[in-house]
Amino acid sequence: MTAEDQADLHFVPYPPIERLAVIGDRRTAAMVAADGPVCWACLPRFDATPVFGAILDLKKGGYWRLGPEDRDFGEQGYVDGTAVLTTRWTTPEAVLELIECMLWPEDEREPGLAARRVIVRRLRCVSGERRVVHRIEPWEDFRTTAAILEEGGALRVSMRGFDLGLWSSHNPEVGPDGTEAHLVTALGSGEEIWTVLDSAEEARHWSIDTARVALDATVAWWKAWSGKLRCGGSRADEVRRAAMVVHLCTYAPTGALVAAPTTSLPERVPGTYNYDYRYCWIRDGSLTVSLLAQLGDTRPVSRFLDFVAARLRPDTDDKSKMPLQVLYRIDGGAKTPKDERSDISGYRDCQPVQMGNAVYQMHEIDGFGFLADCIHRFVEAGGTLEDRHWEVMRRLADFIAENWAEKDAGTWELMPSQDFTATKVMNWVALDRAIAVAERTGRQAPARWAQSRERVREDVLEHGWSEKAGAFRQRYDSDALDGTALLIPLMGFLPPGDPKVRATVERIDKVLRLNGLVHRFVPEKTPGRPDQPMGDREGAFLMCTMWLAEAWQMLGEPEKAKRALERAEACRGTNRLFSEAGDARNSPGLLGNMPLLFTEAAYARAALAVG
């Protein structure tokens, strides 16, 4: 699309990723840009067909905009203690405020509400007067426009698979081709536009009063949930916000968590590292949901463990077969085949756009350590370990005890398989946590678990340390560094006072940190990566910077820890959300899928540690 074409758009084309915020109902989510459009939303669940997808294709992505007629960015934030989004535009002439959310985020809904996905939006002129726009143009999966028609005081949005309904206190007018509807008007001080997207059958029943009651009920629900979290320190509000993002991105019907609610937001612009994260990784889900247990809410962990327990492969005599896949669909399905969509232009023309993720077929065992640590944190937080949960732990420990020496793809899913040091460390974690949970819950830990744990430890200390690098290495028989070495103190493999731990932290800080942000590795020294300078092909994976901050705090260096955390925080927008990566090459900003739960959880833990 040319610059002239972009000038005719009714929204800001391809906003910076830090200018995107998320709303959701714990079944699906919508991304809202800071100028007012819903530019990403899949219905009826996180990994379903996009209805609004302008963030990936300006022409045929679809959007739903409510905001000032001028394409201005406002300041995004959330109502305190909630996942209810606000966007505020302030000029000398007027102040506008948009508040919006998705309804009914409970685990279990009342009868009749289970299938509905409802977005409520209210645009209010706080002071002065300003012209505003309300415009909707849905597309189905970037292929087909919707047919919009007036029906019973609302608009019916007809698609092949389902129909939506749009009710508004100021009805948009359907355009001549019947594929979009729009309204341009002026709002004076105290005047409002209310609008609700619902099923076609239910939309006409909405009113200002019922929309207001529903919005207030959602605010109250989130405040009640977040108010029970145990968050302390100077960053308590930040930790609570991260926890809410984790909870929002949980698929309530099954307890699974999406790694992120988006696909193909690139890790560098221009770039080709574009992936679909709308699935449940065992590693990511374990790391993130255990944060909620740490903050006092063990129920989400129990439900996640139920999801995992139901995915266990049958126990057989073949001890080399992994008990779990790397990832699953959020409904529990095992296959997520990759489809590269050449018909979608991509965010800022970054291709390929991917639907699906082939990683489900990968051999990756480090995630079992994160899962075992999650179970341990759950038990330590007072959670009740059911027999089916213990069966998960037992199967993990048995598998690791037999197969800890295997090569795998590692935390970063790199090919070909290698002896990654971090995988061996996480194998040790799996065995260590299994033994600890057995002792705490009165269950039996076979002697081979402790024997294998000691063998793993000896192996890492012998082969994982590089005298030449002066640090723990990325993989055996290499002197390359990797941010995952920070897991050694964070997971308790070695104490922070160990000289090799300090040396590793110092080397990572010196070699992998660029403009304050830690990259995961040096590409030229990593198998399967292009021979490019660090930071050119991808941004800095933000969880590495969070890990560095926590590691410095453990080493008794609070000022270094604070600086590392503040540098990561500087990448965010006013909504205080984190994506996958930070941009260390250009001005502070975000890259990659948004929000990324792995990053949010790592940030919350670092924030709790640093204070």
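- In this structure, A471 and L481 approach most closely via the heavy-atom pair CB-CD2, 3.5 Å.
- Pairs passing the ring-ring contact (aromatic ring centres under 6.0 Å, His included) check and including a residue from residues 580-611, sequence neighbours excluded, read F578-Y603.
- Using a 4.0 Å cut-off between charged nitrogen and carboxylate oxygen, E238 and R572 count as a salt-bridge pair.
- Between the T28 side chain and the C42 main chain, a donor and an acceptor come within less than 3.5 Å of each other.
- When side chains are defined from C-beta on, L494 counts as touching R457, because their heavy atoms get closer than 4.5 Å.
- Side-chain atoms of T574 come within 3.5 Å of backbone atoms of Q76 as a donor-acceptor pair (strictly under, hydrogens ignored).
- For G516 against R513, the heavy-atom pair with the smallest separation is C-CG, 3.5 Å.
- Across every non-hydrogen atom of A551 and L486, the tightest pair is CB-CD2, 4.1 Å.
- Looking at heavy atoms from C-beta onward, T250 lies out of side-chain contact with V289 at the 4.5 angstrom threshold.
- The ring-ring contact (aromatic ring centres under 6.0 Å, His included) search around H376 returns none, not counting sequence neighbours.
- Put simply, the side chain of T254 gets close to the backbone of I330: a donor and an acceptor are under 3.5 Å apart.
- Annotation: cation-pi pair R520/F541 present, NZ/CZ under 6.0 Å from the ring centroid and within 45° of its normal.
- Inter-residue side-chain proximity for V258 and Y279 is flagged as unmet; no heavy-atom pair is nearer than 4.5 Å.
- The aromatic rings of W465 and F472 stand perpendicular to each other, their planes meeting at an angle above 60°, with 30° marking the opposite boundary.
- Y360 meets the ring-ring contact (aromatic ring centres under 6.0 Å, His included) test with no other residue; sequence neighbours excluded.
- When all heavy atoms of F11 and P37 are compared, the closest pair comes out as CB-CG, 3.9 Å.
- The NZ atom of K525 sits 8.5 Å away from the OG atom of S478 when rounded to the nearest 0.5 Å.
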Please tabulate, for the side chains in residues 496-503, all donor-acceptor contacts under 3.5 angstrom to protein atoms that are two or more places apart in sequence or on a different chain.
| unit_1 | atom_1 | unit_2 | atom_2 | d |
| --- | --- | --- | --- | --- |
| D498 | OD1 | K500 | N | 2.8 |
| R502 | NH1 | E557 | OE2 | 3.4 |
| R502 | NH2 | L555 | O | 3.0 |

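- Within the model, atoms CZ of F370 and CE of M426 stand 4.0 Å from one another, a figure rounded to the nearest 0.5 Å.
- Separation of atoms OG (S579) and CG (L265) is listed at 8.5 Å; rounding is to 0.5 Å.
- A salt bridge does not link R605 to E600: none of the charged nitrogens lies less than 4.0 Å from a carboxylate oxygen.
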Quick one: do M362 and M415 satisfy side-chain contact (heavy atoms from CB on, under 4.5 Å)? Show the steps, please. CA-CA 9 Å; M362 191 169 282; M415 295 299 289; 4.2 Å; yes

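- Atoms OG and CG, on S264 and D276 in that order, are 6.5 Å from each other to the nearest 0.5 Å.
- Formation of a donor-acceptor pair under 3.5 Å by the R26 side chain with backbone atoms of P105 is found in this model.
- For E380 (side chain) and A293 (main-chain N/O), no donor-acceptor pair under 3.5 Å exists by modelled atom type.
- Side-chain atoms of L98 and T86, non-hydrogen and from C-beta on, never get closer than 4.5 Å to each other.
- Between D373 and R377, at least one side-chain nitrogen of the basic residue sits less than 4.0 Å from a carboxylate oxygen of the acidic one, meeting the salt-bridge criterion.
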Take R453 and D432 through the test salt bridge (charged side-chain N to carboxylate O under 4.0 Å, His left out) and record every step on the way to the result. CA-CA 7 Å; R453 179 181 61 174; D432 180 73; 2.9 Å; yes

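- Residues P15 and L20 share a closest heavy-atom pair of CG-CD2, 3.9 Å.
- In this structure, D297 does not pair ionically with R299, as no charged nitrogen and carboxylate oxygen lie closer than 4.0 Å.
- Residues P261 and R278 have side chains not in contact (no heavy-atom distance under 4.5 Å, counting atoms from C-beta outward).
- A salt bridge between D47 and R45 is present, with a side-chain N of the basic residue lying under 4.0 Å from a carboxylate O of the acidic one.
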Checking side-chain contact (heavy atoms from CB on, under 4.5 Å) for the pair V610/W552: CA distance, chi angles, key distance, verdict? CA-CA 9 Å; V610 175; W552 276 131; over 6 Å; no

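- Taking the side-chain contact (heavy atoms from CB on, under 4.5 Å) definition, one finds that T484 meets it with T411, W412, A422, D482, L487, W547, sequence neighbours left out.
- A side-chain donor-acceptor contact under 3.5 Å links N593 and T262.
- F493 has its side chain within reach of V460: a pair of non-hydrogen atoms, C-beta onward, lies under 4.5 Å apart.
- Counting only heavy atoms from C-beta outward, the side chains of V79 and L85 never approach each other to under 4.5 Å.
- In this structure, R473 pairs ionically with D479, as a charged nitrogen and a carboxylate oxygen lie closer than 4.0 Å.
- Q325 and W281 form no side-chain donor-acceptor contact under 3.5 Å, judged by distance and modelled atom types alone.
- Side chains of L257 and Y251 form no contact here, defined as non-hydrogen atoms less than 4.5 Å apart.
- Put simply, CD1 on I23 and OG1 on T218 are 10.5 Å apart, with the number rounded to the nearest 0.5 Å.
- The aromatic rings of Y275 and Y277 sit parallel, their planes meeting at an angle under 30°, below the 60° perpendicular limit.
- For the pairing with T526, the side chain to side chain donor-acceptor pair (under 3.5 Å) check across R475, Q474, Q418 returns one residue only, Q474.
- Between E569 and R235, at least one side-chain nitrogen of the basic residue sits less than 4.0 Å from a carboxylate oxygen of the acidic one, meeting the salt-bridge criterion.
- Judged by distance alone, the side chains of W89 and D35 never bring a donor and an acceptor atom under 3.5 Å apart.
- For the pair R537 and Y273, the cation-pi test (distance below 6.0 Å, angle within 45°) is passed.
- For the pair K424 and D459, the salt-bridge criterion is not met [side-chain N within less than 4.0 Å of a carboxylate O].
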side-chain contact (heavy atoms from CB on, under 4.5 Å) between V301 and C374: does it pass, once the steps are laid out? CA-CA 8 Å; V301 186; C374 172; 3.8 Å; yes

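- Judged by the 6.0 Å and 45° rule, R576 forms no cation-pi pair with Y78.
- Distance OG1/T263 to CG/N274: 8.0 Å, rounded to 0.5 Å.
- Remark: E100 pairs with R121 by the salt bridge (charged side-chain N to carboxylate O under 4.0 Å, His left out) rule, at least two apart or across chains.
- R241 contributes no side-chain N or O that, together with a main-chain N or O of V239, makes up a donor-acceptor pair within less than 3.5 Å.
- Of the charged side-chain nitrogens involved, at least one lies within less than 4.0 Å of a carboxylate oxygen, so that R240 and D237 count as a salt-bridged pair.
- Other residues, nucleotides and ligands contribute more than 12 heavy atoms inside 6.0 Å of the CD atom of E566.
- A salt bridge is absent between D536 and R268; no separation between the charged side-chain nitrogens and carboxylate oxygens falls under 4.0 Å.
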Checking side-chain contact (heavy atoms from CB on, under 4.5 Å) for the pair E580/L591: CA distance, chi angles, key distance, verdict? CA-CA 6 Å; E580 184 173 22; L591 296 165; over 6 Å; no

